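Below is one structure, written out as structure tokens; the observations come after it.
Just so it is clear, the model here is predicted, and its values are computed rather than measured. Note that the numbering runs from 1 along the sequence shown for the chain. Below, all heavy atoms of this structure are taken into account, side chains as well, without hydrogens, waters or symmetry copies.
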Amino acid sequence: MTWAAVIGLGAAAYALKAIGPVIIGGRHVPEDVIEILGLIAVPVLAALIIVQTFSVAGHLVIDARVPAMAVAAVLVWRRAPFLVVVLAAAATAALLRALF
């Protein structure tokens, strides 16, 4: 997936959410449509994270970012504060880059 695709999908998701009420007006929107539109942002964000973590110039790269993302994922799973997650992931990547 390219950056253009990720940005395009994100823009389309938010454009649909923004112009939907204007186009529909007072009409009722089916619950299924509301649920689907609410879920679009999650896979777009996941794709963006994967592209940033595993890709350099269009090539698959496994480096210090991968363990840093694993640390971040564990901390998010454990419901750590956002600042703790970011600092721990950054420290992990910095330490691994310094050692190797």
Side-chain angles (χ1 to χ4, degrees):
M1 183 171 275
T2 65
W3 273 106
V6 172
I7 292 170
L9 286 171
Y14 286 106
L16 284 173
K17 286 183 134 184
I19 65 173
V22 174
I23 293 173
I24 292 176
R27 290 176 275 185
H28 176 69
V29 178
E31 286 295 318
D32 294 341
V33 173
I34 293 172
E35 286 183 37
I36 290 170
L37 289 176
L39 295 174
I40 288 175
V42 175
V44 170
L45 181 59
L48 178 63
I49 290 170
I50 289 170
V51 166
Q52 281 290 312
T53 303
F54 295 105
S55 174
V56 172
H59 300 291
L60 177 66
V61 175
I62 305 296
D63 60 5
R65 293 175 293 179
V66 176
M69 284 301 298
V71 167
V74 169
L75 289 173
V76 166
W77 174 61
R78 301 292 298 164
R79 300 192 189 277
F82 179 72
L83 186 60
V84 172
V85 172
V86 171
L87 292 176
T92 302
L95 180 64
L96 288 173
R97 287 182 177 156
L99 291 176
F100 301 105

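Under the 4.5 Å side-chain heavy-atom criterion for ILVMFWY residues, a single connected hydrophobic cluster contains both L48 and I7. Y14 is not connected to W3 by any chain of hydrophobic side-chain contacts under 4.5 Å among Ile, Leu, Val, Met, Phe, Trp and Tyr, and they are in different clusters. In this structure, L60 is a member of the same hydrophobic cluster as I50, with clusters built from ILVMFWY side-chain heavy atoms closer than 4.5 Å. L87 and V76 fall into different hydrophobic clusters, where Ile, Leu, Val, Met, Phe, Trp and Tyr residues are linked whenever their side-chain heavy atoms come under 4.5 Å apart, directly or through other members. A single hydrophobic cluster is seen to contain both V33 and I40, as judged by linkage of ILVMFWY side chains at heavy-atom distances under 4.5 Å, directly or through other members.
For the pair K17 and G38, the tightest heavy-atom approach, listed with the atom from each and the gap, is NZ-CA, 4.2 Å. What you find for A89 and A68 is that their closest heavy atoms are O-CB, 3.3 Å.
Between atom CD1 of residue I34 and atom CG of residue L39 there is a gap of 12.0 Å, rounded to the nearest 0.5 Å.
Scored by the side chain to side chain contact (heavy atoms under 4.5 Å, CB included) test, A88 finds V71, L75 as partners (sequence neighbours excluded).
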Step-by-step side chain to side chain contact (heavy atoms under 4.5 Å, CB included) determination, V6 to Q52: CA-CA 11 Å; V6 172; Q52 281 290 312; over 6 Å; no
Derivation and outcome, side chain to side chain contact (heavy atoms under 4.5 Å, CB included), residues V61 and F54: CA-CA 5 Å; V61 175; F54 295 105; over 6 Å; no
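Within the 4.5 Å cutoff, side-chain heavy atoms of R65 are placed close to those of V56.
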